[in-house]
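Comments concern the structure below.
The structure presented is a predicted model; accordingly, all values stated were derived computationally and were not measured.
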Amino acid sequence: MARNSEKAMTTLARWRASQVGGIKEKDRRPYLASDCDNLQESEKWRRQIIGEISRKVAQIQNAGLGEFKLRDLNDEINKLLREKGHWEDRILELGGPDYRKIGPKMLDSDGKEVPGNKGYKYFGAAKDLPGVRELFEQEPPAPPRKTRAELMKYIDADYYGLRDEDDGIIVPLEIEAEKKAIRAKVKEWKEKKSRVKTGEITEEEAHGKEEELFSSADLAENFEDDVASETQTSSTTDVTIHELEKHFIAHVPVPSQKEIEEALIHRKKMELMQRYASDSLQGEEEEAREMVGV
């Protein structure tokens with residue numbers, strides 16, 4: 001292997017030969033596309049950039065390069081893409097083809113267009129970097145809001161509780177709760193009366209809101225009578241409550257099946273009479289009905 005001094009001499013010899021004219025120095029791509037006024041050279045620089053992009057895209061497929069190297073490669077590819085766009089604009093200015101329209105789209109290994117955000121694209125393993133995959137995950141669509149008509153569609157009498165008492169359950173429960181409340185108030189009233197008799201409290205202190213409900217002892221006595229009668233008929237009440245739970249309470253008369261059949265037959269008969277019988281025949285039938293009393 002040659003030493004460093006020998007390498008330097010070899011490089012120097014080649015540079016000297018290029019100055020003399022033996023070797024032509026390699027052309028460098030202009031920094032700005034506007035500095036080039038030759039269409040053929042612009043085409044050449046564009047092809048050169050495409051070759052560099054292809055090599056870097058092949059390198060970025062390797063996920064083992066590390067996060068920082070992948071991000072640098074992805075930045076370099078995006079920089080080359082922007083430079084390629086400048087050269088394509090310059091080619092169009094010089095009278096060349098419009099590569100932005102006729103040129104192929106940038107595709108990934110799966111044949112899909114390279115995803116990106118606001119012009120910045122991600123290639124190869126860079127798409128799996130932390131914080132990048134979340135950029136392209138589609139958010140679930142928001143549930144459609146219901147209109148007022150759809151909300152009012154399912155509102156009926158049950159929504160307002162207009163038929164809650166028809167189930168046969170809530171009314172007995174309300175009666176039982178009412179009796180418990182009255183029993184508690186009567187007990188409280190009796191305790192106040194007994195405390196007034198013993199002198200623990202005065203008559204004025206015993207008066208309150210409860211006094212308006214229980215202004216006399218008659219209510220308490222009537223309540224005790226009701227409790228006694230309730231105890232005697234507890235079995236009957238239990239049977240009645242059980243029947244209310246089983247059967248639906250209808251507040252309007254419901255026709256039987258036989259009455260419905262008779263009404264349908266009568267309606268069909270009247271339709272046939274109006275269709276096929278004459279007015280005179282119908283009048284005779286009405287007179288016969290009046291005579292018979294039907």
Separation between [atom1] of [X] and [atom2] of [Y], rounded to the nearest 0.5 Å:
{"X": "Arg195", "Y": "Lys197", "atom1": "CZ", "atom2": "NZ", "value": "14.5 Å"}
{"X": "Asp89", "Y": "Asp98", "atom1": "CG", "atom2": "CG", "value": "8.0 Å"}
{"X": "Leu73", "Y": "Asn62", "atom1": "CG", "atom2": "CG", "value": "10.0 Å"}
{"X": "Trp87", "Y": "Ile50", "atom1": "CH2", "atom2": "CD1", "value": "13.0 Å"}
{"X": "Gln48", "Y": "Leu80", "atom1": "CD", "atom2": "CG", "value": "10.0 Å"}
{"X": "Gln61", "Y": "Gln59", "atom1": "CD", "atom2": "CD", "value": "10.5 Å"}

Going hydrophobic residue to hydrophobic residue with side-chain gaps under 4.5 angstrom, can you get from [X] over to [Y]?
{"X": "Leu65", "Y": "Ile53", "value": "yes"}
{"X": "Leu264", "Y": "Met270", "value": "no"}
{"X": "Leu39", "Y": "Leu92", "value": "no"}
{"X": "Leu129", "Y": "Ile60", "value": "yes"}

Is any side-chain N of the basic residue among [X] and [Y] closer than 4.0 Å to the acidic one's carboxylate O?
{"X": "Lys56", "Y": "Glu52", "result": "no"}
{"X": "Glu83", "Y": "Lys79", "result": "no"}
{"X": "Glu67", "Y": "Arg71", "result": "yes"}

Residue pair Arg46, Ile49: steps toward the side-chain contact (heavy atoms from CB on, under 4.5 Å) verdict: CA-CA 5 Å; Arg46 177 182 176 275; Ile49 294 173; 5.8 Å; no
Nearest heavy-atom pair of [X] and [Y]: which atoms, and what distance?
{"X": "Ile91", "Y": "Pro97", "value": "CG2-O, 3.9 Å"}
{"X": "Ala33", "Y": "His86", "value": "CB-O, 3.9 Å"}
{"X": "Pro30", "Y": "Trp45", "value": "CD-NE1, 3.4 Å"}
{"X": "Ser42", "Y": "Arg90", "value": "OG-CG, 4.3 Å"}
{"X": "Ala63", "Y": "Leu70", "value": "O-CD1, 4.3 Å"}

Under 3.5 Å: donor-acceptor pair, side chain of Glu41, backbone of Asp37: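 Pair absent, no side-chain N/O of Glu41 close to backbone of Asp37.
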Pair Val186-Ile182, side-chain contact (heavy atoms from CB on, under 4.5 Å): steps then yes or no: CA-CA 6 Å; Val186 169; Ile182 295 175; 4.1 Å; yes
Distance-only side-chain donor-acceptor flag, Tyr99 / Glu43, under 3.5 Å: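 Result is yes, a qualifying pair exists.
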Side-chain donor-acceptor pair present, Tyr120, Asn74, cut-off under 3.5 Å: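 The answer is yes; a qualifying pair exists.
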Heavy-atom side-chain proximity of Tyr159 to Met152 below 4.5 angstrom: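 No, side chains not in contact.
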